[in-house]
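Okay, structure first, notes after.
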Amino acid sequence: MALGNLDEIYRDDVILDHRRNPRNAARLKDADIAADGVNPFCGDEIHLQMRLDDGGRVAEVGFQGEGCSINQATGSMLSEAIKGLTLPQVEALSAKFHEMMQGPEPPDEMLTALGDLGSLSKVRDFPVRIKCALLAWSTLEDGVAAGRG
Amino acid sequence: MALGNLDEIYRDDVILDHRRNPRNAARLKDADIAADGVNPFCGDEIHLQMRLDDGGRVAEVGFQGEGCSINQATGSMLSEAIKGLTLPQVEALSAKFHEMMQGPEPPDEMLTALGDLGSLSKVRDFPVRIKCALLAWSTLEDGVAAGRG
Amino acid sequence: MYDVQKIRKDFPILSRKVYDKPLVYLDNAATTQKPRQVIQALVDYYEGYNANVHRGVHALSQEATERYEEARGKVARFIGAESPDEIIWTRNASESLNLVAYTWAQENIREGDEIVVTPYEHHSNLVPWQKVARDKGASLRILPMREEDNSLDMERVDEFITPRTKLLAVVHMSNGIGIINPVEELARRARAVGATVLIDATQSAPHLPVDVQGLDCDFLTLSGHKMLGPTGIGALYGRREILERMEPFLRGGEMVLEVWYDRATWNDLPMKFEAGTPNIADAIGFGAAIDYLEAVGMENVRDHEIALTAHALEAFKELEEEIDVFGPRDPERRGAIISFHSDIVHPHDLGTFLDRDGIAVRTGHHCTMPLMRELGVIATARASCYLYNTEEEIDALVDSVKRALRYFSDGAG
Amino acid sequence: MYDVQKIRKDFPILSRKVYDKPLVYLDNAATTQKPRQVIQALVDYYEGYNANVHRGVHALSQEATERYEEARGKVARFIGAESPDEIIWTRNASESLNLVAYTWAQENIREGDEIVVTPYEHHSNLVPWQKVARDKGASLRILPMREEDNSLDMERVDEFITPRTKLLAVVHMSNGIGIINPVEELARRARAVGATVLIDATQSAPHLPVDVQGLDCDFLTLSGHKMLGPTGIGALYGRREILERMEPFLRGGEMVLEVWYDRATWNDLPMKFEAGTPNIADAIGFGAAIDYLEAVGMENVRDHEIALTAHALEAFKELEEEIDVFGPRDPERRGAIISFHSDIVHPHDLGTFLDRDGIAVRTGHHCTMPLMRELGVIATARASCYLYNTEEEIDALVDSVKRALRYFSDGAG
Ligand SMILES: Cc1ncc(COP(=O)(O)O)c(C=O)c1O
Ligand SMILES: Cc1ncc(COP(=O)(O)O)c(C=O)c1O
């Protein structure tokens with residue numbers, strides 16, 4: 001495993017931007033899907049809300065969290081990335097994200113395709129922190145699964 | 001620890017005699033005190049009964065057992081040794097026997113004073129077998145304690 | 001080619017002497033010896049990366065967590081579980097069984113239900129169900145045994161496994177007499193009446209290939225120390241759907257998600273069943289033991305032990321007059337456990353005699369008192385083999401038993 | 001003279017490098033490192049006399065049994081128990097606590113009873129009582145904490161320890177913030193109202209002299225891995241009269257006297273509470289750890305740690321503006337655990353930064369979520385020392401924390 005330089009995750013412009021200016025931070029009232037997640041090992045929290053439009057696409061998202069940089073930045077990126085997607089597309093994106101974090105070394109095209117989220121691939125070099133980037137996604141999946149009934 | 005020769009316990013005349021001709025083997029009816037013991041590690045069993053005379057001395061004893069040579073011989077010797085003793089004397093004898101088996105190397109006078117029971121001191125050289133010689137005595141003690149109320 | 005001498009070299013204790021005689025270790029059903037690979041795994045852990053798992057951001061904790069979870073994966077693969085999440089670490093097989101008794105059984109067994117066991121059960125697969133039966137007003141049914149060869153009377157199984165059966169809890173290989181029960185068939189019958197199936201593979205998994213899918217069981221138990229692993233680590237396999245529906249057992253750190261003063265929520269599998277700091281080193285050691293067994297190959301272990309059993313049964317035939325050997329004669333139907341009894345000498349006295357020849361066997365009831373009662377004895381002497389035992393060791397045993405019989409029939413007994 | 005450098009030489013892992021930097025191990029409240037004497041005790045066991053205990057007539061079993069029971073005696077003496085029979089081996093402190101919850105508490109707690117705990121409890125000394133309270137219709141009372149120094153408000157104790165109190169279950173030294181509770185005084189108050197007293201000494205016994213007679217407690221818990229011992233072994237001390245009246249916990253081999261199909265009788269203490277093959281090697285390893293601690297002397301360990309604490313608190317004073325350190329300032333009232341929080345950097349990010357400097361601290365809730373809520377944080381960073389840590393290591397920590405604060409306040413946080 002390569003040894004990541006701290007700057008890779010703490011001085012990355014995209015991550016820093018999401019950390020400082022979290023997107024969709026307002027709590028959504030009247031959400032169609034809401035989910036809360038907690039990392040049992042550190043106590044970090046994620047709260048997600050989604051409103052779907054008539055076509056079943058994510059129209060609005062709310063994300064609030066308490067936690068470390070990675071956790072917060074991921075939540076913010078996620079809240080942007082899922083807008084406009086259908087629930088199956090949300091799940092596919094989550095699978096893609098998991099693959100980027102835990103699968104074999106991701107190719108550049110994959111990172112580019114993932115947009116801002118691609119910047120989180122650098123967390124791979126800090127293996128204990130990978131779970132910080134996954135919490136928002138597993139919370140999202142729980143919400144989608146529960147929302148489906 | 002000295003390494004005991006098998007003959008010391010298996011060819012000893014006194015032990016052999018008790019093993020072959022167990023004393024007081026008949027089950028006592030109308031016993032004042034009865035106790036049953038089992039060795040949890042091997043399943044060996046001891047059954048003891050005692051009748052006391054008006055002076056509170058052991059008048060009659062019954063001993064039956066299922067078990068190894070040491071267990072059987074000890075039970076037979078015990079059934080003889082406690083006859084005529086008061087209950088406190090029985091307990092004192094039991095303490096003495098425990099001391100012979102588990103205390104510091106017993107002096108010759110002690111062995112002589114214990115009579116037949118003294119021959120069992122050779123079991124000390126077979127440490128795992130010491131508990132085989134103690135089962136009858138702990139059963140006896142349980143019986144006396146229960147008999148006392 | 002199975003090279004038993006090469007295997008023996010991996011076990012430091014086997015070159016030890018006892019009373020100046022080479023150690024002949026035939027007490028493997030009680031616990032097995034450990035190859036240097038397992039011992040080294042413990043040393044490597046404590047000297048190199050000892051740390052508490054799961055919750056640390058530092059390098060040691062990360063390393064410990066990875067190796068610890070890797071070991072869980074090895075156990076899962078070894079018994080064919082679908083996922084490492086279905087493996088719960090315990091101290092030993094006894095705790096695995098109690099876990100099921102305190103959780104699944106307390107939640108699911110009801111008045112009038114029946115729990116079916118065999119006469120061969122180790123106390124650890126009997127006494128926990130006695131409590132469940134008493135707590136719930138259920139009852140225990142004991143499958144019948146045939147006198148001839150001490151095997152289960154399969155013709156009468158339908159009288160015992162019935163629609164009232166809620167749980168079948170059966171031992172795969174008997175530690176008492178070595179017999180291998182037809183657990184696939186029993187499991188099939190139990191499933192047909194809707195019962196849950198638990199298999200005590202504590203004694204079988206070390207010696208032959210065991211596969212939870214093939215056995216079609218819901219629970220299965222293992223003890224690391226009986227399969228070349230360290231003491232203090234065992235496992236419970238549970239089918240995921242069942243584990244997910246169960247309440248936790250021990251409560252505390254690690255097994256929770258969130259805790260308030262008055263309530264708590266549970267972590268995911270397998271952590272939900274693992275409270276407090278786990279036995280990290282020994283789990284990793286258990287993993288190393290499985291690596292060792294897989295490198296040798298479980299089929300090869302089994303073949304070696306069948307050959308040893310055949311050799312032993314043949315050798316004991318000579319002593320037919322003086323000695324009863326329990327269980328079937330067919331080495332395919334049993335493990336390499338020779339449990340025997342002689343009226344000439346009490347098993348303990350025999351054990352002491354063998355010990356002085358450097359031969360370690362177990363004497364007693366082997367934690368199977370009800371089975372001993374069925375066999376009409378209080379205790380047996382039991383020689384149990386493993387992958388490192390040799391025919392020469394069996395010969396040494398038989399020779400020593402012969403001399404013991406002479407010694408004790410000369411009047412000492 | 002306390003020679004910390006000499007002590008360090010006994011711990012192989014301390015010469016390890018992490019990312020090419022010397023390891024600074026400050027995660028001792030999670031688990032401690034092991035001296036070579038403990039590691040060697042395990043190797044000696046597995047290479048020399050590994051065998052199952054209690055039931056064998058052969059030499060190895062005899063040797064293993066003696067050493068294993070000797071270790072129990074060491075634990076008994078270490079905490080001042082009257083007899084080794086009062087020491088029950090468990091996997092860890094969590095199991096010790098659950099044992100009491102599943103037996104004594106289920107048998108004795110009744111509707112309307114109260115169980116008194118502190119805000120500092122580790123989840124393992126809280127969640128088991130939640131189940132008892134729910135099962136029995138009892139309730140949990142939480143002793144109040146003072147804001148100033150996060151210590152118990154002893155003036156209000158009488159509102160909480162009352163005639164309704166059935167059990168006082170309190171932590172001696174908090175793993176979350178290091179505070180040492182006045183457990184003698186609490187125990188005295190609880191006794192005065194007739195309550196049973198359990199002390200969670202998991203975090204204190206490794207670091208200061210603990211004596212069950214002086215504490216006048218009924219139960220006390222230990223975890224071997226937190227006091228130089230192996231993982232997988234813990235102990236429960238129980239006063240003999242109480243243990244004798246209790247029903248068994250886990251059922252199976254070893255803990256029984258006689259077994260029939262439908263019932264069983266129990267073995268004597270301590271075996272009555274120990275089902276199945278015990279963790280023999282690690283019990284012996286735990287004994288070796290106690291030998292080590294006694295050779296150093298617990299008073300000396302405590303003095304060394306008080307000095308380290310004073311040094312650390314002084315050093316952290318410089319960072320007062322940016323960092324809150326929890327717990328009292330007086331080193332005599334706390335263990336060498338520095339738990340701190342900064343708004344500038346989340347504990348995790350700080351932990352990662354320190355890790356890259358080779359410094360191992362723990363970040364998170366430390367299995368004390370309710371305490372974190374009381375403190376108004378989700379997590380802290382926690383540096384916890386032991387007998388082998390040095391003032392230089394504390395300085396390295398503080399230096400690294402300073403650089404981290406700069407790094408993260410430059411905008412990274
Ligand atoms: C105070 C306290 N109690 C209980 C425990 C639980 O110990 P274990 O994880 O060894 O079961 C811990 C461990 O962190 C502790 O610090
Ligand atoms: C068949 C069987 N089941 C259960 C056990 C209990 O295993 P442990 O003592 O490791 O808990 C044993 C051990 O002798 C066994 O042989």
Side-chain angles (χ1 to χ4, degrees), chain C residues 12-13 18 30-31 33-34 39 42-43 46-48 50-52 55-60 91-95 98 122-124 127-128 130-131 140 142 225 230-232 250-253 256 258-261 263-264 275-277 279-282 348 351-352 355 360 362-364 367 369-370, chain D residues 12-13 18 30-31 33-34 39 42-43 46-48 50-52 55-60 91-95 98 122-124 127-128 130-131 140 142 225 230-232 250-253 256 258-261 263-264 275-277 279-282 348 351-352 355 360 362-364 367 369-370:
Chain C
I13 207 173
V18 172
T31 200
Q33 298 304 337
K34 322 303 173 198
I39 303 171
L42 301 178
V43 172
Y46 286 123
E47 294 194 343
N50 168 65
N52 214 326
R55 282 164 303 183
V57 293
H58 58 79
L60 294 188
R91 174 175 36 251
N92 53 24
S94 301
E95 191 189 8
N98 277 275
H122 187 279
H123 294 160
S124 295
V127 187
Q130 291 176 350
K131 174 174 159 64
L140 280 177
I142 321 293
H225 71 96
T231 57
L250 304 181
R251 283 142 214 264
V256 290
E258 280 189 281
V259 178
W260 296 265
Y261 282 133
R263 69 192 190 283
T277 305
N279 190 345
I280 306 165
D282 293 331
H348 266 52
T352 292
D355 179 44
R362 190 126 305 217
T363 62
C367 293
M369 281 186 164
Chain D
I13 206 172
V18 173
T31 200
Q33 298 304 336
K34 321 304 172 196
I39 303 170
L42 301 178
V43 172
Y46 286 123
E47 295 194 345
N50 168 63
N52 214 325
R55 282 163 304 180
V57 293
H58 58 79
L60 294 189
R91 175 176 35 253
N92 53 25
S94 302
E95 190 190 8
N98 277 274
H122 187 280
H123 294 160
S124 294
V127 188
Q130 292 176 349
K131 174 175 159 62
L140 279 176
I142 320 294
H225 71 96
T231 57
L250 304 182
R251 284 141 213 265
V256 291
E258 280 189 282
V259 178
W260 296 264
Y261 283 133
R263 68 191 190 284
T277 305
N279 189 346
I280 306 164
D282 292 331
H348 265 53
T352 292
D355 178 45
R362 191 127 305 220
T363 62
C367 293
M369 281 186 164

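In what follows, chains are A, B, ... by sequence order, proteins preceding strands, each numbered from 1.
The greatest number of non-hydrogen atom pairs below 4.5 Å with chain C, out of D:L42, D:V256, D:D282, is found for D:D282. Note on D:M369, D:H123, D:R251: by heavy-atom pairs under 4.5 Å with chain C, the leading option is D:R251. Taking C:A281, C:C367, C:P370 one by one and counting their heavy-atom pairs under 4.5 Å with chain D, the maximum is reached by C:P370. For the set D:T363, D:N52, D:L140, the entry with the most heavy-atom pairs within less than 4.5 Å of chain C is D:N52. Ranked by heavy-atom pairs under 4.5 Å with chain D, the first of C:H122, C:E258, C:R362 is C:R362. The candidate with the highest count of non-hydrogen atom pairs below 4.5 Å against chain D, out of C:A30, C:A93, C:G351, is C:A30.
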*Run the side-chain contact (heavy atoms from CB on, under 4.5 Å) check on D:I280 and C:T31 step by step: do they pass?*
CA-CA 11 Å; D:I280 306 164; C:T31 200; 5.9 Å; no
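Only the side chain of C:N92 has a heavy atom closer than 4.5 Å to any heavy atom of chain D. Heavy-atom distances place both the backbone and the side chain of D:V259 under 4.5 Å from chain C. Residue C:V18 touches chain D through its side chain alone, counting heavy-atom pairs closer than 4.5 Å. D:Q130 touches chain C through its side chain: at least one heavy atom from C-beta onward sits under 4.5 Å away, while N, CA, C and O do not.
Judged by distance alone, with hydrogens and angles left aside, the side-chain atoms of D:N98 form no donor-acceptor pair with the main-chain N or O of C:L250 at under 3.5 Å.
Residues meeting the ring-ring contact (aromatic ring centres under 6.0 Å, His included) test with C:H348, sequence neighbours left out: C:H346. For D:S94, the side-chain hydrogen bond (donor to acceptor under 3.5 Å, both in side chains) partners are D:S124, not counting sequence neighbours.
Of the residues listed (D:T277, D:N50, D:N279), the one engaging C:H225 in a side chain to side chain donor-acceptor pair (under 3.5 Å) is D:T277, and it is the only one.
The two atoms that bring C:A59 and D:D355 nearest to each other are N-OD1, 2.9 Å, heavy atoms only.
To the nearest 0.5 Å, the span separating CD1 on C:I39 from OH on D:Y46 amounts to 8.5 Å.
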